[in-house]
Every structure is written in structure tokens, then in C-alpha cells.
Amino acid sequence: MAKSFELQLKEFENMTAEKSELLFKKVCFDLSNSIIMDTAVLSGTARGNWQPDINSIQNDVLEVEDKSGNATVAKVASQTNNLKLGQYFTLTNNLPYILRLEYGWSKKSPKGMLGINVMRFQNFVNQANKDIK
């Protein structure tokens, strides 16, 4: 027995919503990962201070060193895995010198980490779209 057109539309809607949610999660993760890994490293405090959250903005300054960025990226992975459509994702860093790092204060990362990744945003979306198909 053939499926009704209404049922086919509902299945398509569900599939599209699932794909959209996966795309949203992947772009948030990939963009955050790139920002974290582009953050200049001396002690690791700048990388360790990136704070992911859902529907909230963190105001804390953390006393966390993460030279490799792996622990911070793991926190991002945990948060992005919990994202749902309709929510918003934030990645904040409240270190007093983070803006100086963004604007070339460190020779290790003279181009910063935020602006350069904003320019790459469409690439993250395009790659996520390819990966999810």
C-alpha cells in the first residue's frame, strides 16, 4: 500500500529537521574547535577559558590551563551534542586580555582567533552539509 502524500510530507519534515539539527551541532562544534585551536598558547589559560553553553552566556574567568585545547574541545563536544533546534549556542572567554590576543598581541597568533573564523563560517557550513549527506 502506497504511503499517503501527507505521511510522505511528515517523514520529509522529520528528516529535514534531523538534518538541520545535525548541521547546527556540527557547525557550532567545528567553529568552536577552530577558535579554540587558533587561540595563542603560552600557559594554556587562554585556551582553557573558552566556555561553551546553551541558551546562556558564561561570565566567569576560569583558572584552567589547557595547552593542547583537548579538554576545552571536549566540553564543546558535550554541549554541542545536547543542542536542539531553537536553542542558541555561545562560546565565551572572559579573560581580561582576550581582546588583545584577538587583535595581534601574540606573535603566536597574530591574526587572532575570532575574526578569522567568522570569515571561515561559510566553509564550516559547506563542509558540514557535505559530511551530513
Side-chain angles (χ1 to χ4, degrees):
M1 181 177 198
K3 293 181 184 176
S4 72
F5 182 69
E6 184 178 333
L7 181 58
Q8 289 175 347
L9 278 177
K10 188 67 174 166
E11 287 175 353
F12 177 75
E13 178 185 319
N14 290 339
M15 182 181 65
T16 302
E18 288 174 25
K19 183 178 178 185
S20 295
E21 190 168 278
L22 286 173
L23 183 77
F24 176 46
K25 290 177 179 187
K26 181 156 180 42
V27 170
C28 288
F29 175 80
D30 291 347
L31 178 62
S32 298
N33 181 58
S34 192
I35 290 168
I36 293 163
M37 299 316 284
D38 284 347
T39 301
V41 176
L42 182 58
S43 66
T45 304
R47 277 192 181 165
N49 238 278
W50 287 109
Q51 301 173 64
D53 211 342
I54 297 172
N55 292 339
S56 180
I57 298 172
Q58 294 297 314
N59 295 312
D60 301 327
V61 173
L62 304 177
E63 297 298 325
V64 175
E65 291 184 5
D66 184 11
K67 282 187 177 186
S68 71
N70 293 336
T72 306
V73 169
K75 286 192 279 185
V76 168
S78 176
Q79 289 287 10
T80 56
N81 282 335
N82 292 319
L83 276 171
K84 304 285 182 227
L85 287 178
Q87 295 179 319
Y88 67 90
F89 177 79
T90 60
L91 183 69
T92 56
N93 191 319
N94 298 304
L95 285 175
Y97 58 86
I98 200 68
L99 282 176
R100 288 185 282 176
L101 290 179
E102 173 62 17
Y103 292 108
W105 187 52
S106 171
K107 291 178 182 169
K108 293 181 178 184
S109 187
K111 293 183 181 179
M113 59 275 171
L114 296 169
I116 196 165
N117 280 294
V118 168
M119 292 189 309
R120 297 175 183 154
F121 181 77
Q122 189 61 53
N123 295 336
F124 290 117
V125 173
N126 293 345
Q127 187 59 50
N129 221 358
K130 287 179 189 174
D131 293 345
I132 291 173
K133 286 186 177 182

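From a predicted model like this one, the values you see are computed outputs, not experimental measurements.
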Taking the side chain as every heavy atom from C-beta outward, state whether Lys25 and Leu85 have any atom pair closer than 4.5 Å.
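Sidechains of Leu85 and Lys25: no contact.
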Is the shortest side-chain heavy-atom distance between Asn49 and Ile98 below 4.5 Å?
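Not touching, per the 4.5 Å side-chain cut-off.
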So, does Arg47 use its side chain to make a donor-acceptor pair with the main chain of Lys67 at under 3.5 Å?
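Indeed, once roles are kept as given, a pair shorter than 3.5 Å links the two residues.
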Test your reading of the model: is there a side-chain donor-acceptor pair from Asp30 to the backbone of Phe124, 3.5 Å cut-off?
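Pair absent, no side-chain N/O of Asp30 close to backbone of Phe124.
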Kindly write out the residues that satisfy side-chain contact (heavy atoms from CB on, under 4.5 Å) with Gln87, not counting sequence neighbours, or none if the list is empty.
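Per chain and number, Gln87 pairs via side-chain contact (heavy atoms from CB on, under 4.5 Å) with Ile54, Asn55, Leu83, Lys84.
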Kindly write out the residues that satisfy side-chain contact (heavy atoms from CB on, under 4.5 Å) with Ser78, not counting sequence neighbours, or none if the list is empty.
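Ser78 satisfies side-chain contact (heavy atoms from CB on, under 4.5 Å) with Asn82 once adjacent residues are dropped.
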Under 3.5 Å side-chain donor-acceptor pair for Asp53 and Thr90:
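Judged by distance alone, the side chains do not pair up.
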Ignoring hydrogens and geometry beyond distance, is a side-chain donor-acceptor pair present between Asn123 and Gln127 at under 3.5 Å?
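Absent: no donor and acceptor within the cut-off.
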Could you identify which residues cluster with [X], counting Ile, Leu, Val, Met, Phe, Trp and Tyr as linked when any side-chain heavy atoms lie under 4.5 Å apart, either directly or through a chain of such contacts?
| X | value |
| --- | --- |
| Ile116 | Met119 |
| Leu62 | Val64 |
| Leu99 | Tyr103 |

Nearest heavy-atom neighbours spanning [X] and [Y]:
| X | Y | value |
| --- | --- | --- |
| Asp60 | Gln51 | O-NE2, 2.7 Å |
| Thr45 | Leu95 | O-CD1, 3.6 Å |
| Val76 | Ser32 | CG1-CB, 3.6 Å |

Under the salt bridge (Lys or Arg N to Asp or Glu O under 4.0 Å) test, which residues partner Arg120, sequence neighbours left out?
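For Arg120 the salt bridge (Lys or Arg N to Asp or Glu O under 4.0 Å) partners, ignoring immediate neighbours, are Asp38.
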How about Tyr88: does its OH atom have over 12 heavy atoms from other parts shown lying under 6.0 Å from it?
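For Tyr88, atom OH is crowded (more than 12 foreign heavy atoms under 6.0 Å).
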Atom OG1 in Thr92, atom CD1 in Ile57: separation rounded to 0.5 Å?
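Here the rounded value is 7.5 Å.
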